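Below you'll find the structure, written out as structure tokens, and then a few comments.
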Amino acid sequence: MGVDEELHEKVRQAIQAIPHGRVATYGDIADLTRAPSPRLIGKILSEDGHDLPWHRVLRANGTPAPHLAREQLERLRAEGVLTEGEKVDLRAYRWADVVPEPERGLF
DNA sequence: AAGCTGACGGACG
DNA sequence: GCGTCCGCCAGCT
């Protein structure tokens, strides 16, 4: 298996591991999986993210990607994540901030 | 082969 | 807080 496919899998696992009611940024996932760039996370999600909790992944400022905003915010609201306008308060819901490193699992 | 295109992010004004 | 610009990476044209 090529390293790229392995990374692809790690990224999927990391996203799968984001708890209900919590969120992460593309950058968080990139760091966690040591992906070369956050851009890659979006790429992977776009082609192979349908079966993942993709709605829990936001941009660095807490807003969703524009074309997804509607459904993403709706899904987040459904699991108790409150938003101010289009923006989620990362300080309150960010997985990486709330969950201690050891409990987050290694990727 | 140069250029374009993103589910991005940080720096700057 | 917001718009711009630029760096970034992989895949397509």
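Heavy atoms only: backbone and side chains are in, while hydrogens, waters and symmetry mates are out. Computed from a predicted structure; not experimentally measured.
A donor-acceptor contact shorter than 3.5 Å is absent between the side chain of A/Y93 and the backbone of A/R56. Under the 3.5 Å distance criterion, the side-chain polar atoms of A/R94 are left unmatched by any main-chain donor or acceptor of A/A92.
Contact detail for A/I15 and A/I41: the closest heavy-atom pair is CD1-CG2, 4.4 Å. Heavy-atom minimum distance, A/Y26 versus A/A65: OH-CB, 4.3 Å. Residue A/A17 comes nearest to A/W95 through the heavy atom pair O-CZ2, 3.6 Å, listed as atom of the first residue, atom of the second, then distance. Contact between A/A24 and A/I29 at its shortest, heavy atoms only, is CB-CD1, 4.0 Å.
Residues satisfying the side chain to side chain contact (heavy atoms under 4.5 Å, CB included) test with A/H55, not counting sequence neighbours, are A/P53, A/Q72, A/R75, A/L76, A/E79. For A/D31, the side chain to side chain contact (heavy atoms under 4.5 Å, CB included) criterion is met by no residue, not counting sequence neighbours.
No side-chain heavy atom of A/P38 sits under 4.5 Å from any side-chain heavy atom of A/T25. In this structure, A/I18 and A/D28 have side chains that are not in contact, with every pair of non-hydrogen atoms separated by 4.5 Å or more.
Cluster membership for A/L73 and A/L58, using ILVMFWY side-chain heavy atoms within less than 4.5 angstrom, is not shared.
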Show the distances under 3.5 angstrom between N or O atoms of the protein and N or O atoms of nucleotides 5-7 of chain B.
from  : atom 1 : to    : atom 2 : distance (Å)
B/dA7 : N6     : A/L45 : O      : 3.4
B/dA7 : N3     : A/Y26 : OH     : 3.1

Show me the protein contacts with nucleotides 2-4 of chain B, counting only N or O atoms at under 3.5 Å.
none

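Protein chain A contacts DNA chain C over a range whose 5' and 3' limits, counting nucleotides with an atom under 4.0 angstrom from a non-hydrogen atom, are C/dG1 to C/dG11.
Of the charged side-chain nitrogens involved, none lies within less than 4.0 Å of a carboxylate oxygen, so that A/R77 and A/E74 do not count as a salt-bridged pair.
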**Request:** Would you sketch DNA chain B in dot-bracket for me? Only Watson-Crick or G-U wobble pairs with both distances under 3.5 Å count, crossing pairs as [ ], other-strand pairs as |, the rest as dots.
**Result:** .|||||.||||||

